[in-house]
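Since this is a predicted model, take the numbers as computed values, not measurements.
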Amino acid sequence: MPGPLIPNASAWMLALLLGGLGAGAEALAGGSTLVGVVLPLACLALGLYLHRAPGQREKLERLPGGAWVLAAVVVLVLAGLVARWAMGQPAAAALLSAVALGGVVVPVVLTTRSGAAGGDSGEAPRGRG
């Protein structure tokens, strides 16, 4: 049985970048230039941090569902494009892109910051007294 098409950590990082680009493009289309530029750059910076920081990539590798989240982000971003350009519903498009990005950022940040994926929090155990 062959392995996964894309490693789990790479799927999470790619979903983060695609979600940031989709939300940034949606903000630009909505007229918010600052958010449209800062949001993708912030996602890129977070992705680079997760790739370079010691132990973070391993935590992402243990976080389940990377390929499914990546697929969901692609679908939500494409649905947002359809909602804005084909149906003329900018509010629905903004909601879809926010859900796509939030669905990636929240688990990634909670996992990598708290050590919830079984990783070490980096703090030494403290004795009593």
Side-chain angles (χ1 to χ4, degrees):
M1 186 168 176
L5 184 62
I6 184 169
N8 203 33
S10 298
W12 278 102
M13 285 191 274
L14 188 57
L16 176 68
L17 295 176
L18 287 176
L21 286 173
E26 183 57 43
L28 285 173
S32 180
T33 306
L34 181 63
V35 173
V37 172
V38 170
L39 198 56
L41 290 176
C43 289
L44 178 63
L46 180 59
L48 286 173
Y49 164 75
L50 294 173
H51 182 69
R52 300 276 184 198
Q56 297 302 323
R57 188 167 177 84
E58 290 78 17
K59 288 180 184 180
L60 278 182
E61 197 62 47
R62 289 188 298 265
L63 185 62
W68 289 106
V69 170
L70 177 59
V73 166
V74 169
V75 167
L76 286 170
V77 168
L78 290 175
L81 289 172
V82 169
R84 175 171 287 281
W85 301 111
M87 299 172 56
Q89 298 291 326
L95 178 65
L96 288 169
S97 64
V99 167
L101 185 58
V104 176
V105 170
V106 170
V108 166
V109 169
L110 289 178
T111 297
T112 57
R113 296 300 300 158
S114 69
D120 184 20
S121 67
E123 293 183 16
R126 298 183 186 180
R128 293 185 185 200

Which donor-acceptor pairs under 3.5 Å do the side chains of residues 46-54 make with protein atoms, sequence neighbours left out?
none

Show me, pair by pair, the donor-acceptor contacts under 3.5 angstrom made by side chains of residues 16-26, not counting sequence neighbours?
unit_1	atom_1	unit_2	atom_2	d
Glu26	OE1	Arg84	NE	3.4
Glu26	OE2	Arg84	NE	2.7
Glu26	OE2	Arg84	NH2	2.5

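Between the CZ atom of Arg57 and the CG atom of Asn8 there is a distance of 10.0 Å, given to the nearest 0.5 Å. Interatomic distance, OG1 of Thr111 versus NZ of Lys59, reported as 9.0 Å (0.5 Å rounding). Expressed to the nearest 0.5 Å, how far CG of Leu34 lies from CG of Leu28 amounts to 10.0 Å.
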- Run the side-chain contact (heavy atoms from CB on, under 4.5 Å) check on Cys43 and Val104 step by step: do they pass? CA-CA 10 Å; Cys43 289; Val104 176; over 6 Å; no

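Closest non-hydrogen pair, Ala100 versus Val77, comes out as CB-CG2, 4.3 Å. Closest approach of Val35 and Pro40 over heavy atoms only: O-CD, 4.0 Å. Closest heavy-atom contact between Gly80 and Ala93: O-CB, 3.2 Å. What you find for Pro107 and Leu63 is that their closest heavy atoms are O-CD2, 4.0 Å. Between Val37 and Leu41, the closest heavy-atom pair is O-CG, 3.3 Å. The nearest pair of heavy atoms linking Trp85 to Ala29 is CZ2-CB, 4.1 Å.
Under the 4.5 Å side-chain contact rule for hydrophobic residues, Val69 and Val105 share a cluster. Under the 4.5 Å side-chain heavy-atom criterion for Ile, Leu, Val, Met, Phe, Trp and Tyr, Leu44 and Leu60 are members of distinct hydrophobic clusters. One hydrophobic cluster, built from ILVMFWY side chains closer than 4.5 Å, holds both Leu95 and Leu76.
With sequence neighbours excluded, no residue satisfies side-chain contact (heavy atoms from CB on, under 4.5 Å) with Trp68. Judged as a side-chain contact (heavy atoms from CB on, under 4.5 Å), and not counting sequence neighbours, Val75 has no contacts. Listed by chain and number, the residues in a side-chain contact (heavy atoms from CB on, under 4.5 Å) with Ala79 are Leu96 (sequence neighbours excluded).
Pairs passing the salt bridge (charged side-chain N to carboxylate O under 4.0 Å, His left out) check and including a residue from residues 28-43, sequence neighbours excluded, do not occur.
Between the side chain of Gln89 and the main chain of Ala83, no donor-acceptor pair closer than 3.5 Å is present.
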